[in-house]
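Written out below as structure tokens is the structure these notes cover.
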Amino acid sequence: MKSLFDKTAKTEIEHRIAQLSDQSAAQWGKMNVSQMFYHCQFPIKVALEKEHPKMKPNFLVKLLFKKSMYNDKPWKKNIPTLEDFKANTPKNFVDEKKELLALIEEFSTKNTQTEWAPHPMFGKFSVEQWGKMQYKHLDHHLRQFNV
């Protein structure tokens, strides 16, 4: 799995984002492209400790799903979104795109950070796992919009 800490993978994600317009249509799901940009900010904000969603650690969820957050297997279409991460209201394309790109840039500079706060649901991740998880989430939603 690629990592958002890898410069080549980060550049790839940025180029894919640049291909989207406010008219880009989703291949699946309910979000429009502006809402997707907004939604994709949350996992990065959690990693950067800018968001603190009200999730409770769950041993069974951790056991069954934690590795899927950063392994090489792509996520399936239409997987459920946690309530805290849903984008149910209209969003501004330019503003949300700009914010997402800024968060990607900020996150990518943390590649030497050794101490990370635990994920609110899945617990401890290594720096490598955080990078892979962020790439995987962005890749999933960019595939949703066919880029």
Side-chain angles (χ1 to χ4, degrees), residues 1-22 24 26 29-72 74-76 78-145 147:
M1 175 56 52
K2 295 178 183 178
S3 169
L4 203 54
F5 290 131
D6 176 75
K7 288 180 183 181
T8 303
K10 176 186 166 273
T11 300
E12 171 212 318
I13 291 290
E14 291 167 335
H15 285 302
R16 290 166 69 189
I17 289 171
Q19 293 177 46
L20 294 167
S21 75
D22 61 350
S24 296
K30 298 177 183 176
M31 291 185 287
N32 65 35
V33 68
S34 302
Q35 290 169 320
M36 180 272 288
F37 286 157
Y38 176 82
H39 164 80
C40 285
Q41 295 170 27
F42 278 91
I44 301 171
K45 287 179 179 180
V46 168
L48 296 172
E49 297 184 73
K50 294 180 177 201
E51 280 290 332
H52 305 279
K54 299 172 185 101
M55 300 177 189
K56 293 184 181 178
N58 179 310
F59 177 75
L60 188 58
V61 169
K62 230 169 143 172
L63 181 68
L64 296 174
F65 297 108
K66 184 175 180 177
K67 287 184 181 176
S68 74
M69 300 301 289
Y70 53 82
N71 66 16
D72 289 337
W75 292 334
K76 294 179 182 178
N78 293 311
I79 57 175
T81 301
L82 295 171
E83 197 60 41
D84 286 355
F85 291 2
K86 286 186 178 178
N88 296 319
T89 59
K91 303 295 176 195
N92 180 279
F93 177 84
V94 173
D95 293 344
E96 300 307 337
K97 179 180 177 180
K98 182 179 175 182
E99 178 66 14
L100 177 59
L101 289 169
L103 286 165
I104 289 169
E105 182 62 33
E106 182 179 354
F107 178 82
S108 71
T109 68
K110 305 287 186 184
N111 62 330
T112 60
Q113 182 173 315
T114 56
E115 295 297 319
W116 291 80
H119 187 278
M121 181 174 286
F122 297 106
K124 186 169 175 53
F125 285 113
S126 69
V127 66
E128 178 184 8
Q129 291 166 337
W130 275 113
K132 288 179 178 181
M133 177 173 51
Q134 298 302 336
Y135 177 89
K136 188 170 184 174
H137 184 246
L138 290 164
D139 175 67
H140 172 75
H141 286 292
L142 292 171
R143 285 186 296 107
Q144 178 184 13
F145 283 85
V147 294

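With 3.5 Å as the limit, one finds a donor-acceptor pair spanning the side chains of Lys136 and Asn71.
Contact check for Asn32 versus Lys91: no side-chain heavy atoms found under the 4.5 Å cut-off. Side-chain atoms of Glu14 and Glu105, non-hydrogen and from C-beta on, do get closer than 4.5 Å to each other. Two residues are said to be in side-chain contact when any heavy atoms from C-beta on lie closer than 4.5 Å; Val94 and Asp22 fail this criterion. Looking only at side-chain heavy atoms (C-beta outward), Met36 and Val33 come within less than 4.5 Å of each other. In this structure, His137 and Trp75 have side chains that are in contact, with non-hydrogen atoms separated by less than 4.5 Å. Looking at heavy atoms from C-beta onward, Leu48 lies in side-chain contact with Lys110 at the 4.5 angstrom threshold. The shortest distance between side-chain heavy atoms of Pro43 and Met133 does not fall below 4.5 Å. When side chains are defined from C-beta on, Trp130 counts as touching His119, because their heavy atoms get closer than 4.5 Å.
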Run the side chain to side chain donor-acceptor pair (under 3.5 Å) test on Tyr135 and Glu12 for me, step by step, so that the C-alpha distance in whole Å, both residues' side-chain angles and the decisive distance to 0.1 Å come before the verdict. CA-CA 10 Å; Tyr135 177 89; Glu12 171 212 318; 2.7 Å; yes
Apply side chain to side chain contact (heavy atoms under 4.5 Å, CB included) to residues His141 and Phe37 and explain how you reach the verdict. CA-CA 9 Å; His141 286 292; Phe37 286 157; over 6 Å; no
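A side-chain hydrogen bond (donor to acceptor under 3.5 Å, both in side chains) with Tyr70 holds for exactly one of Glu128, Gln129, Gln134; it is Gln129.
Aromatic ring centroids of Phe107 and Phe5 lie under 6.0 Å apart. In summary, the aromatic rings of Phe122 and Trp116 are positioned with their centroids too far apart to meet the 6.0 Å limit.
The minimum heavy-atom distance linking Gly29 with Asn78 is given by the pair N-OD1, 3.3 Å. For the residue pair Lys2 and Ala9, the shortest heavy atom distance occurs at CB-CB, 4.0 Å. Considering all non-hydrogen atoms of both residues, Ala87 and Tyr38 come closest at CB-CD2, 3.5 Å.
How far CG of Asn88 is from NE2 of His39: 11.5 Å, rounded to the nearest 0.5 Å. A distance of 6.0 Å separates CG of Leu100 from CG of Leu138, quoted to the nearest 0.5 Å. Summarising the geometry, atom CD1 belonging to Ile104 is positioned 10.5 Å from atom CD belonging to Glu99; distances are rounded to the nearest 0.5 Å. To the nearest 0.5 Å, atom CG of residue Asn111 and atom OG of residue Ser3 are 8.5 Å apart. Interatomic distance, Phe42 CZ to Ile44 CD1, rounded to the nearest 0.5 Å: 11.5 Å. For the atom pair Ser24 OG and Gln144 CD, the distance stands at 11.5 Å (nearest 0.5 Å).
Among residues two or more places apart in sequence or in another chain, the salt bridge (Lys or Arg N to Asp or Glu O under 4.0 Å) test is passed with Lys45 by none. Every residue two or more places apart in sequence or in another chain that forms a salt bridge (Lys or Arg N to Asp or Glu O under 4.0 Å) with Lys50 is listed here: Glu106. In terms of the salt bridge (Lys or Arg N to Asp or Glu O under 4.0 Å) criterion, residue partners of Lys86 (sequence neighbours excluded) are, by chain and number, Glu83.
In this structure, Gln41 contributes its side chain and Leu103 its backbone to no donor-acceptor pair below 3.5 Å.
Taking a cutoff of 4.0 Å between a charged side-chain nitrogen and a carboxylate oxygen, Arg16 and Asp139 qualify as a salt bridge.
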